[in-house]
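Only one structure is covered here, and it is reproduced in the block below.
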2 protein chains.
Amino acid sequence: MADSTSHTVVGVVLRVREGHLEVLVGGARLRQHEQLEPALSRAVDVSALAHVEQLETRILPDGVLATAYLGLVPADGTLAGAWREVTKVGEHGELVAAAQARLRAKLSYTNVGFALAPSVFTISELREIYVAALGHDVSATNLQRVLVRRGVLERADGQRAPGRTGGRPAALFRFASDRLEVTDEFAALRPPTGPESRRPRGSRASG
Amino acid sequence: MADSTSHTVVGVVLRVREGHLEVLVGGARLRQHEQLEPALSRAVDVSALAHVEQLETRILPDGVLATAYLGLVPADGTLAGAWREVTKVGEHGELVAAAQARLRAKLSYTNVGFALAPSVFTISELREIYVAALGHDVSATNLQRVLVRRGVLERADGQRAPGRTGGRPAALFRFASDRLEVTDEFAALRPPTGPESRRPRGSRASG
DNA sequence: GCAAAAGTGTTGTGTCTACACCCATGT
DNA sequence: ACATGGGTGTAGACACAACACTTTTGC
(Lines give C-alpha, C1' and ligand atoms only; values in the text may rest on other atoms or scores of the structure.)
Protein backbone atom coordinates (compact mmCIF):
# COMPACT_ATOMS: atom_id res chain seq x y z
CA MET A 1 0.00 0.00 0.00
CA ALA A 2 2.81 2.38 0.82
CA ASP A 3 4.08 2.47 -2.73
CA SER A 4 0.75 2.68 -4.49
CA THR A 5 1.45 6.34 -5.30
CA SER A 6 5.16 5.87 -5.91
CA HIS A 7 6.78 8.26 -8.31
CA THR A 8 9.50 7.67 -10.88
CA VAL A 9 11.76 10.21 -12.52
CA VAL A 10 12.74 9.36 -16.09
CA GLY A 11 15.58 10.95 -18.02
CA VAL A 12 15.26 10.95 -21.80
CA VAL A 13 18.68 11.88 -23.12
CA LEU A 14 19.29 12.75 -26.76
CA ARG A 15 22.47 13.13 -28.77
CA VAL A 16 23.54 13.13 -32.41
CA ARG A 17 26.05 10.55 -33.60
CA GLU A 18 27.10 9.87 -37.18
CA GLY A 19 24.16 11.79 -38.52
CA HIS A 20 21.63 9.95 -36.39
CA LEU A 21 19.63 11.13 -33.40
CA GLU A 22 20.11 8.69 -30.54
CA VAL A 23 18.34 8.26 -27.23
CA LEU A 24 19.21 6.88 -23.81
CA VAL A 25 16.49 6.40 -21.23
CA GLY A 26 16.97 5.88 -17.53
CA GLY A 27 14.67 5.94 -14.54
CA ALA A 28 14.85 6.12 -10.77
CA ARG A 29 12.28 5.90 -8.01
CA LEU A 30 11.67 9.12 -6.14
CA ARG A 31 12.58 8.65 -2.50
CA GLN A 32 10.53 9.98 0.35
CA HIS A 33 10.93 13.73 0.72
CA GLU A 34 13.41 13.78 -2.14
CA GLN A 35 13.45 16.63 -4.67
CA LEU A 36 13.00 15.78 -8.34
CA GLU A 37 16.48 16.73 -9.53
CA PRO A 38 18.35 14.42 -7.14
CA ALA A 39 16.22 11.54 -8.34
CA LEU A 40 16.98 12.50 -11.93
CA SER A 41 20.68 12.42 -11.16
CA ARG A 42 20.28 8.84 -10.04
CA ALA A 43 18.43 8.02 -13.25
CA VAL A 44 21.08 9.42 -15.60
CA ASP A 45 24.52 10.99 -15.30
CA VAL A 46 23.39 14.60 -15.15
CA SER A 47 26.97 15.90 -15.11
CA ALA A 48 27.31 14.75 -18.74
CA LEU A 49 24.26 16.74 -19.86
CA ALA A 50 24.70 20.13 -21.46
CA HIS A 51 21.03 20.98 -20.99
CA VAL A 52 18.15 19.63 -18.93
CA GLU A 53 14.50 20.57 -18.84
CA GLN A 54 11.33 18.97 -17.59
CA LEU A 55 9.18 17.35 -20.24
CA GLU A 56 5.93 16.07 -18.80
CA THR A 57 4.35 13.89 -16.16
CA ARG A 58 2.26 10.94 -17.17
CA ILE A 59 1.24 7.50 -16.11
CA LEU A 60 3.26 4.97 -18.06
CA PRO A 61 1.70 1.89 -19.69
CA ASP A 62 2.76 -0.18 -16.69
CA GLY A 63 0.83 2.15 -14.37
CA VAL A 64 3.86 3.95 -12.97
CA LEU A 65 3.48 7.66 -12.35
CA ALA A 66 6.54 9.25 -13.94
CA THR A 67 7.96 12.73 -14.47
CA ALA A 68 10.15 12.83 -17.56
CA TYR A 69 13.08 15.13 -18.22
CA LEU A 70 14.77 15.92 -21.50
CA GLY A 71 18.56 15.86 -21.41
CA LEU A 72 20.96 16.79 -24.21
CA VAL A 73 24.52 15.59 -24.71
CA PRO A 74 27.03 17.19 -27.09
CA ALA A 75 28.08 15.21 -30.13
CA ASP A 76 31.58 14.77 -28.68
CA GLY A 77 30.32 13.99 -25.20
CA THR A 78 30.91 10.70 -23.44
CA LEU A 79 27.95 9.17 -21.68
CA ALA A 80 27.94 5.40 -21.45
CA GLY A 81 24.74 3.41 -21.77
CA ALA A 82 22.43 1.57 -24.10
CA TRP A 83 22.05 4.24 -26.76
CA ARG A 84 19.74 3.50 -29.65
CA GLU A 85 18.59 5.44 -32.65
CA VAL A 86 15.32 7.22 -32.06
CA THR A 87 13.92 5.71 -35.25
CA LYS A 88 14.13 2.24 -33.74
CA VAL A 89 11.17 1.43 -31.57
CA GLY A 90 11.84 0.72 -27.91
CA GLU A 91 10.47 1.36 -24.48
CA HIS A 92 8.99 4.73 -23.54
CA GLY A 93 8.18 5.49 -27.15
CA GLU A 94 5.80 8.31 -26.28
CA LEU A 95 8.28 9.99 -23.97
CA VAL A 96 10.96 9.77 -26.65
CA ALA A 97 8.58 11.28 -29.16
CA ALA A 98 7.81 14.11 -26.75
CA ALA A 99 11.52 14.72 -26.23
CA GLN A 100 12.13 14.81 -29.95
CA ALA A 101 9.25 17.21 -30.51
CA ARG A 102 10.48 19.51 -27.77
CA LEU A 103 14.01 19.54 -29.15
CA ARG A 104 12.81 20.15 -32.65
CA ALA A 105 10.69 23.10 -31.61
CA LYS A 106 13.36 24.70 -29.47
CA LEU A 107 16.02 24.39 -32.15
CA SER A 108 13.99 26.90 -34.14
CA TYR A 109 13.56 29.69 -31.60
CA THR A 110 16.30 29.16 -29.01
CA ASN A 111 20.04 28.60 -28.90
CA VAL A 112 19.57 25.04 -27.64
CA GLY A 113 21.89 23.74 -30.35
CA PHE A 114 24.76 24.54 -27.99
CA ALA A 115 23.82 21.42 -26.04
CA LEU A 116 24.15 19.13 -29.06
CA ALA A 117 27.25 20.62 -30.71
CA PRO A 118 30.88 20.21 -29.66
CA SER A 119 32.53 23.26 -28.17
CA VAL A 120 33.98 24.26 -31.55
CA PHE A 121 32.74 23.17 -34.96
CA THR A 122 32.39 24.05 -38.61
CA ILE A 123 29.09 25.08 -40.16
CA SER A 124 29.02 21.78 -42.04
CA GLU A 125 29.32 19.84 -38.82
CA LEU A 126 26.62 21.92 -37.19
CA ARG A 127 24.42 21.43 -40.20
CA GLU A 128 24.63 17.66 -39.85
CA ILE A 129 23.55 17.94 -36.25
CA TYR A 130 20.56 20.07 -37.17
CA VAL A 131 19.60 17.74 -40.01
CA ALA A 132 19.64 14.75 -37.67
CA ALA A 133 17.72 16.53 -34.92
CA LEU A 134 15.13 18.23 -37.11
CA GLY A 135 14.59 15.36 -39.52
CA HIS A 136 14.69 17.53 -42.61
CA ASP A 137 17.34 19.07 -44.77
CA VAL A 138 18.99 22.31 -43.66
CA SER A 139 20.94 24.74 -45.82
CA ALA A 140 24.40 25.42 -44.43
CA THR A 141 24.31 28.89 -45.94
CA ASN A 142 21.10 29.89 -44.23
CA LEU A 143 21.88 28.09 -41.00
CA GLN A 144 25.02 30.14 -40.60
CA ARG A 145 23.32 33.39 -41.43
CA VAL A 146 20.34 32.89 -39.18
CA LEU A 147 22.39 31.87 -36.18
CA VAL A 148 25.04 34.55 -36.66
CA ARG A 149 22.44 37.25 -37.17
CA ARG A 150 20.72 36.22 -33.98
CA GLY A 151 24.00 36.36 -32.12
CA VAL A 152 23.78 32.65 -31.30
CA LEU A 153 26.99 31.73 -33.12
CA GLU A 154 30.32 33.51 -33.04
CA ARG A 155 33.60 32.79 -34.78
CA ALA A 156 36.29 30.83 -33.02
CA ASP A 157 39.99 31.11 -33.81
CA GLY A 158 41.60 28.95 -36.45
CA GLN A 159 40.34 26.81 -39.29
CA ARG A 160 39.65 23.19 -40.02
CA ALA A 161 42.08 21.79 -42.64
CA PRO A 162 40.34 20.31 -45.68
CA GLY A 163 40.24 16.54 -46.26
CA ARG A 164 42.16 14.66 -48.97
CA THR A 165 39.71 15.73 -51.61
CA GLY A 166 40.54 19.38 -51.17
CA GLY A 167 38.27 22.29 -50.66
CA ARG A 168 38.54 25.55 -48.84
CA PRO A 169 39.38 25.25 -45.14
CA ALA A 170 36.33 25.74 -42.95
CA ALA A 171 36.05 28.51 -40.39
CA LEU A 172 35.38 27.45 -36.83
CA PHE A 173 32.43 28.65 -34.78
CA ARG A 174 31.19 28.31 -31.24
CA PHE A 175 27.92 29.05 -29.49
CA ALA A 176 28.03 32.41 -27.76
CA SER A 177 26.24 31.05 -24.69
CA ASP A 178 25.98 27.67 -23.00
CA ARG A 179 22.70 28.44 -21.27
CA LEU A 180 19.31 28.27 -22.88
CA GLU A 181 18.17 31.58 -24.35
CA VAL A 182 15.10 32.39 -26.37
CA THR A 183 16.34 34.09 -29.51
CA ASP A 184 13.08 34.84 -31.26
CA GLU A 185 10.73 35.64 -28.42
CA PHE A 186 8.29 37.94 -30.15
CA ALA A 187 7.95 36.30 -33.51
CA ALA A 188 4.58 37.98 -33.60
CA LEU A 189 2.60 40.41 -31.51
CA ARG A 190 5.67 41.99 -30.08
CA PRO A 191 5.15 44.96 -27.81
CA PRO A 192 5.23 48.44 -29.32
CA THR A 193 8.65 49.95 -29.91
CA GLY A 194 7.37 53.51 -29.57
CA PRO A 195 8.97 56.33 -27.54
CA GLU A 196 7.55 54.86 -24.36
CA SER A 197 6.52 51.23 -24.29
CA ARG A 198 2.96 51.99 -23.39
CA ARG A 199 1.39 50.17 -20.48
CA PRO A 200 -1.99 48.52 -20.92
CA ARG A 201 -4.74 50.98 -20.17
CA GLY A 202 -7.19 50.28 -17.37
CA SER A 203 -9.71 49.48 -20.01
CA ARG A 204 -13.28 48.51 -19.39
CA ALA A 205 -15.70 46.60 -21.53
CA SER A 206 -17.67 48.87 -23.80
CA GLY A 207 -21.32 49.54 -23.08
CA MET B 1 4.47 6.85 5.98
CA ALA B 2 1.93 5.76 3.41
CA ASP B 3 1.39 9.29 2.13
CA SER B 4 5.00 10.40 2.07
CA THR B 5 4.98 10.16 -1.73
CA SER B 6 1.43 11.37 -2.18
CA HIS B 7 0.70 13.31 -5.33
CA THR B 8 -1.51 16.33 -5.86
CA VAL B 9 -2.98 17.63 -9.10
CA VAL B 10 -3.37 21.41 -9.24
CA GLY B 11 -5.50 23.29 -11.73
CA VAL B 12 -4.45 26.87 -12.47
CA VAL B 13 -7.35 28.42 -14.35
CA LEU B 14 -7.07 31.79 -16.08
CA ARG B 15 -9.70 34.10 -17.52
CA VAL B 16 -10.02 37.75 -18.52
CA ARG B 17 -12.64 39.90 -16.81
CA GLU B 18 -13.07 43.65 -17.14
CA GLY B 19 -9.66 44.02 -18.66
CA HIS B 20 -7.91 42.06 -15.93
CA LEU B 21 -6.38 38.59 -16.01
CA GLU B 22 -7.79 36.52 -13.17
CA VAL B 23 -6.81 33.19 -11.70
CA LEU B 24 -8.53 30.41 -9.84
CA VAL B 25 -6.49 27.64 -8.26
CA GLY B 26 -7.75 24.30 -7.05
CA GLY B 27 -6.08 21.07 -6.03
CA ALA B 28 -6.97 17.43 -5.42
CA ARG B 29 -5.06 14.46 -4.12
CA LEU B 30 -4.32 11.78 -6.66
CA ARG B 31 -5.98 8.55 -5.61
CA GLN B 32 -4.35 5.18 -5.85
CA HIS B 33 -4.19 3.97 -9.45
CA GLU B 34 -6.02 7.07 -10.61
CA GLN B 35 -5.13 8.80 -13.86
CA LEU B 36 -4.12 12.47 -13.77
CA GLU B 37 -7.10 13.89 -15.64
CA PRO B 38 -9.74 12.45 -13.29
CA ALA B 39 -7.91 13.99 -10.37
CA LEU B 40 -7.79 17.31 -12.21
CA SER B 41 -11.52 17.15 -12.74
CA ARG B 42 -11.94 16.89 -8.98
CA ALA B 43 -9.65 19.90 -8.51
CA VAL B 44 -11.53 22.21 -10.89
CA ASP B 45 -14.66 22.04 -13.03
CA VAL B 46 -13.02 20.83 -16.21
CA SER B 47 -16.26 21.02 -18.18
CA ALA B 48 -16.05 24.82 -17.95
CA LEU B 49 -12.58 24.95 -19.44
CA ALA B 50 -12.14 25.73 -23.12
CA HIS B 51 -8.54 24.52 -23.08
CA VAL B 52 -6.39 22.42 -20.76
CA GLU B 53 -2.72 21.54 -20.90
CA GLN B 54 -0.17 20.25 -18.46
CA LEU B 55 2.16 22.87 -17.04
CA GLU B 56 4.81 21.30 -14.86
CA THR B 57 5.48 19.06 -11.91
CA ARG B 58 7.24 20.43 -8.89
CA ILE B 59 7.49 20.11 -5.16
CA LEU B 60 5.51 22.91 -3.57
CA PRO B 61 6.87 24.96 -0.67
CA ASP B 62 4.92 22.76 1.74
CA GLY B 63 6.69 19.68 0.39
CA VAL B 64 3.77 18.37 -1.63
CA LEU B 65 4.60 16.80 -4.98
CA ALA B 66 2.22 18.41 -7.44
CA THR B 67 1.48 18.30 -11.15
CA ALA B 68 -0.02 21.56 -12.34
CA TYR B 69 -2.36 22.07 -15.27
CA LEU B 70 -3.22 25.29 -17.07
CA GLY B 71 -6.91 25.80 -17.77
CA LEU B 72 -8.52 28.61 -19.74
CA VAL B 73 -12.08 29.93 -19.44
CA PRO B 74 -13.78 32.20 -22.00
CA ALA B 75 -14.51 35.75 -20.96
CA ASP B 76 -18.23 34.98 -20.94
CA GLY B 77 -17.84 31.66 -19.20
CA THR B 78 -19.29 30.86 -15.83
CA LEU B 79 -17.04 29.12 -13.36
CA ALA B 80 -17.69 29.80 -9.72
CA GLY B 81 -14.86 30.11 -7.23
CA ALA B 82 -12.45 32.44 -5.49
CA TRP B 83 -11.14 34.28 -8.52
CA ARG B 84 -8.45 36.88 -7.93
CA GLU B 85 -6.44 39.11 -10.19
CA VAL B 86 -3.09 37.62 -11.09
CA THR B 87 -1.36 40.82 -10.05
CA LYS B 88 -2.43 40.26 -6.45
CA VAL B 89 -0.13 37.91 -4.63
CA GLY B 90 -1.60 34.69 -3.32
CA GLU B 91 -0.84 31.03 -2.91
CA HIS B 92 0.97 29.10 -5.62
CA GLY B 93 2.59 32.24 -6.97
CA GLU B 94 5.17 30.35 -8.99
CA LEU B 95 2.59 28.12 -10.60
CA VAL B 96 0.47 31.13 -11.50
CA ALA B 97 3.53 32.82 -12.99
CA ALA B 98 4.25 29.70 -15.04
CA ALA B 99 0.66 29.61 -16.25
CA GLN B 100 0.81 33.26 -17.25
CA ALA B 101 4.10 32.76 -19.09
CA ARG B 102 2.75 29.77 -20.96
CA LEU B 103 -0.40 31.60 -21.99
CA ARG B 104 1.55 34.64 -23.08
CA ALA B 105 3.89 32.59 -25.25
CA LYS B 106 1.15 30.56 -26.87
CA LEU B 107 -0.94 33.60 -27.69
CA SER B 108 1.84 34.57 -30.09
CA TYR B 109 2.20 31.41 -32.12
CA THR B 110 -1.04 29.47 -31.63
CA ASN B 111 -4.77 30.08 -31.83
CA VAL B 112 -5.15 29.66 -28.07
CA GLY B 113 -7.07 32.93 -27.90
CA PHE B 114 -10.17 30.92 -28.74
CA ALA B 115 -10.18 29.66 -25.16
CA LEU B 116 -10.28 33.17 -23.68
CA ALA B 117 -12.69 34.85 -26.08
CA PRO B 118 -16.46 34.49 -26.23
CA SER B 119 -17.85 32.57 -29.17
CA VAL B 120 -18.42 35.78 -31.15
CA PHE B 121 -16.74 39.12 -30.58
CA THR B 122 -15.53 42.36 -32.10
CA ILE B 123 -11.89 43.11 -32.73
CA SER B 124 -11.99 45.70 -29.97
CA GLU B 125 -13.24 43.13 -27.50
CA LEU B 126 -10.61 40.65 -28.58
CA ARG B 127 -7.97 43.32 -28.29
CA GLU B 128 -8.88 43.93 -24.65
CA ILE B 129 -8.50 40.24 -23.93
CA TYR B 130 -5.06 40.16 -25.55
CA VAL B 131 -3.98 43.30 -23.71
CA ALA B 132 -4.97 41.79 -20.38
CA ALA B 133 -3.36 38.44 -21.09
CA LEU B 134 -0.15 39.73 -22.65
CA GLY B 135 0.35 42.66 -20.29
CA HIS B 136 1.23 45.11 -23.02
CA ASP B 137 -0.64 47.20 -25.52
CA VAL B 138 -1.91 45.60 -28.72
CA SER B 139 -2.96 47.37 -31.89
CA ALA B 140 -6.46 46.42 -32.97
CA THR B 141 -5.48 47.02 -36.58
CA ASN B 142 -2.56 44.65 -36.53
CA LEU B 143 -4.22 42.09 -34.30
CA GLN B 144 -6.98 41.69 -36.84
CA ARG B 145 -4.62 41.47 -39.76
CA VAL B 146 -2.30 38.97 -38.16
CA LEU B 147 -5.05 36.64 -37.00
CA VAL B 148 -7.04 36.85 -40.22
CA ARG B 149 -3.97 36.32 -42.35
CA ARG B 150 -3.13 33.23 -40.35
CA GLY B 151 -6.65 31.91 -40.76
CA VAL B 152 -7.21 31.98 -37.01
CA LEU B 153 -10.13 34.42 -37.18
CA GLU B 154 -13.05 34.41 -39.56
CA ARG B 155 -15.98 36.75 -39.92
CA ALA B 156 -19.26 35.96 -38.23
CA ASP B 157 -22.63 37.21 -39.42
CA GLY B 158 -24.01 40.52 -38.24
CA GLN B 159 -22.61 43.57 -36.57
CA ARG B 160 -22.40 45.06 -33.12
CA ALA B 161 -24.41 48.29 -32.83
CA PRO B 162 -22.38 51.29 -31.69
CA GLY B 163 -22.83 52.77 -28.19
CA ARG B 164 -24.43 56.13 -27.39
CA THR B 165 -21.33 58.00 -28.42
CA GLY B 166 -21.62 56.82 -31.97
CA GLY B 167 -19.05 55.26 -34.19
CA ARG B 168 -19.10 52.77 -36.99
CA PRO B 169 -20.73 49.44 -36.11
CA ALA B 170 -18.18 46.71 -35.47
CA ALA B 171 -17.98 43.54 -37.50
CA LEU B 172 -18.20 40.28 -35.60
CA PHE B 173 -15.56 37.57 -35.71
CA ARG B 174 -15.10 34.09 -34.38
CA PHE B 175 -12.17 31.74 -34.04
CA ALA B 176 -12.05 29.28 -36.90
CA SER B 177 -11.16 26.40 -34.59
CA ASP B 178 -11.83 25.56 -30.96
CA ARG B 179 -8.87 23.21 -30.64
CA LEU B 180 -5.29 24.28 -30.10
CA GLU B 181 -3.36 24.72 -33.34
CA VAL B 182 0.13 25.98 -33.93
CA THR B 183 -0.18 28.75 -36.47
CA ASP B 184 3.43 29.76 -36.92
CA GLU B 185 5.27 26.47 -36.60
CA PHE B 186 8.33 27.21 -38.68
CA ALA B 187 9.09 30.77 -37.72
CA ALA B 188 12.62 29.91 -38.68
CA LEU B 189 14.48 27.01 -40.18
CA ARG B 190 11.47 25.83 -42.04
CA PRO B 191 11.96 22.88 -44.34
CA PRO B 192 12.75 23.53 -48.00
CA THR B 193 9.80 24.34 -50.21
CA GLY B 194 11.48 22.97 -53.32
CA PRO B 195 9.90 20.67 -55.93
CA GLU B 196 10.34 17.72 -53.57
CA SER B 197 10.69 18.37 -49.85
CA ARG B 198 14.02 16.64 -49.65
CA ARG B 199 14.55 14.06 -46.96
CA PRO B 200 17.66 14.20 -44.81
CA ARG B 201 20.50 12.48 -46.56
CA GLY B 202 22.22 9.52 -44.92
CA SER B 203 25.05 11.84 -44.07
CA ARG B 204 28.22 10.87 -42.33
CA ALA B 205 30.71 12.93 -40.40
CA SER B 206 33.42 14.29 -42.64
CA GLY B 207 36.97 12.91 -42.42
C1' DG C 1 -21.47 69.37 -39.22
C1' DC C 2 -18.66 67.15 -35.74
C1' DA C 3 -16.92 63.70 -32.66
C1' DA C 4 -16.27 58.85 -32.02
C1' DA C 5 -15.30 54.22 -33.19
C1' DA C 6 -14.17 50.84 -36.77
C1' DG C 7 -11.84 49.42 -40.65
C1' DT C 8 -8.59 49.79 -44.97
C1' DG C 9 -4.51 51.42 -47.78
C1' DT C 10 0.07 51.85 -47.88
C1' DT C 11 4.85 52.26 -46.65
C1' DG C 12 8.85 50.79 -44.53
C1' DT C 13 11.57 47.30 -42.01
C1' DG C 14 13.42 43.08 -40.79
C1' DT C 15 14.04 38.11 -41.48
C1' DC C 16 14.04 34.55 -44.06
C1' DT C 17 14.90 31.30 -48.55
C1' DA C 18 17.10 30.56 -52.76
C1' DC C 19 20.61 30.71 -55.84
C1' DA C 20 24.42 32.66 -58.34
C1' DC C 21 28.95 33.53 -57.67
C1' DC C 22 33.62 33.81 -55.56
C1' DC C 23 37.49 31.68 -52.46
C1' DA C 24 41.00 28.34 -50.97
C1' DT C 25 42.68 24.01 -51.03
C1' DG C 26 44.35 18.99 -52.91
C1' DT C 27 45.55 16.28 -56.78
C1' DA D 1 43.82 22.99 -64.70
C1' DC D 2 40.06 21.21 -62.35
C1' DA D 3 37.32 19.11 -58.83
C1' DT D 4 35.78 19.83 -54.14
C1' DG D 5 34.11 21.93 -50.24
C1' DG D 6 33.50 26.58 -47.91
C1' DG D 7 31.78 31.14 -47.89
C1' DT D 8 29.56 35.71 -49.66
C1' DG D 9 26.43 38.79 -52.49
C1' DT D 10 22.15 39.67 -53.62
C1' DA D 11 17.41 39.36 -55.06
C1' DG D 12 12.80 38.14 -53.91
C1' DA D 13 9.03 36.60 -50.73
C1' DC D 14 6.71 37.33 -46.70
C1' DA D 15 5.04 38.96 -42.25
C1' DC D 16 4.93 42.50 -39.42
C1' DA D 17 4.46 47.53 -37.17
C1' DA D 18 3.15 52.07 -37.89
C1' DC D 19 0.30 55.48 -39.37
C1' DA D 20 -2.54 58.07 -42.59
C1' DC D 21 -6.89 57.83 -44.35
C1' DT D 22 -11.74 56.40 -45.17
C1' DT D 23 -16.24 54.60 -43.50
C1' DT D 24 -20.28 54.58 -40.57
C1' DT D 25 -22.58 55.75 -36.91
C1' DG D 26 -24.76 59.14 -32.74
C1' DC D 27 -25.63 63.66 -31.44
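Letters A, B, ... are given to chains in the order of the sequence lines, protein chains preceding strands, and every chain is numbered from 1.
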Check the distance between [N]'s [atom2] and [X]'s [atom1] and give it to me in whole angstrom.
| X | N | atom1 | atom2 | answer |
| --- | --- | --- | --- | --- |
| A:Arg155 | D:dG6 | CZ | P | 13 Å |
| B:Asn142 | C:dA6 | CG | P | 16 Å |
| B:Arg150 | D:dC14 | CZ | P | 16 Å |
| A:Tyr109 | C:dT15 | OH | P | 19 Å |
| B:Leu134 | D:dA17 | CG | P | 11 Å |

Please set out all donor-acceptor pairs under 3.5 angstrom arising from side-chain atoms of residues 62-74 of chain A, sequence neighbours excluded.
from    : atom 1 : to      : atom 2 : distance (Å)
A:Asp62 : OD1    : A:Val64 : N      : 3.1
A:Thr67 : OG1    : A:His7  : NE2    : 2.7
A:Thr67 : OG1    : A:Thr57 : OG1    : 2.9
A:Tyr69 : OH     : A:Gln54 : OE1    : 3.4

With the threshold set at 4.0 Å, does a side-chain nitrogen-carboxylate oxygen contact exist between A:Arg127 and A:Asp137?
->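 Yes.
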Electrostatic pair B:Glu34:B:Arg42 at N-O distance under 4.0 angstrom =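 Looking at B:Arg42 together with B:Glu34, the answer is yes, because their closest N to O distance falls below 4.0 Å.
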For [X], which residues count as a side-chain hydrogen bond (donor to acceptor under 3.5 Å, both in side chains) partner, sequence neighbours excluded?
| X | value |
| --- | --- |
| A:Gln144 | none |
| A:Glu56 | A:Arg58 |
| B:Ser177 | B:Glu181 |

Between C:dT8 and B:Gln144, is there an OP1 or OP2 to side-chain N/O distance shorter than 4.0 Å?
->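 For B:Gln144, the contact criterion (side-chain N or O under 4.0 Å from OP1 or OP2 of C:dT8) is met.
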Look at all strands and tell whether A:Ala140 reaches a base, only sugar-phosphate, or nothing, counting heavy atoms closer than 4.0 Å.
->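 It contacts nothing in the nucleic acid.
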Sequence neighbours left out, what passes side-chain contact (heavy atoms from CB on, under 4.5 Å) with A:Asp178? Give chain and number order.
->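 Residues passing side-chain contact (heavy atoms from CB on, under 4.5 Å) with A:Asp178: A:Phe114.
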Quick one: on DNA chain C, does A:Thr141 or B:Ala170 contact a more 5' nucleotide (nearest heavy atom)?
->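 Mapping each residue to its closest nucleotide by heavy atoms, the 5'-most match is B:Ala170.
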Salt bridge (Lys or Arg N to Asp or Glu O under 4.0 Å) pairs, two or more places apart, involving residues 43-52 of chain A |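 For residues 43-52 of chain A: none.
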Can you name the atoms? Protein N/O to nucleotides 10-13 of chain C N/O, anything below 3.5 Å, with the distance.
from   : atom 1 : to       : atom 2 : distance (Å)
C:dT10 : O4     : B:Arg145 : NH2    : 3.2

Mind checking what makes salt bridge (charged side-chain N to carboxylate O under 4.0 Å, His left out) contact with B:Arg102, not counting sequence neighbours?
->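 B:Arg102 satisfies salt bridge (charged side-chain N to carboxylate O under 4.0 Å, His left out) with B:Glu53 only.
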Which side-chain N or O atoms in residues 80-90 of chain A pair as donor and acceptor under 3.5 Å with protein atoms at least two apart or in another chain?
from    : atom 1 : to      : atom 2 : distance (Å)
A:Trp83 : NE1    : A:Leu79 : O      : 2.7
A:Arg84 : NE     : A:Lys88 : O      : 3.3
A:Arg84 : NH2    : A:Glu91 : O      : 3.3

Filtered N/O pairs between nucleotides 25-27 of chain D and protein, under 3.5 Å:
from   : atom 1 : to       : atom 2 : distance (Å)
D:dT25 : O2     : B:Gly167 : N      : 2.8
D:dG26 : O4'    : B:Gly166 : N      : 3.4
D:dG26 : O3'    : B:Arg164 : O      : 2.6
D:dC27 : OP1    : B:Arg164 : O      : 3.1

Hey, could you give me each pair passing side-chain hydrogen bond (donor to acceptor under 3.5 Å, both in side chains) that has a residue in residues 151-161 of chain A? Not counting sequence neighbours.
->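 Those involving residues 151-161 of chain A are A:Glu125-A:Arg160.
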Under a 4.0 Å heavy-atom cut-off, which of residues 112-121 of chain A touch DNA chain D?
->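 Within this stretch, nothing sits under 4.0 Å of the strand.
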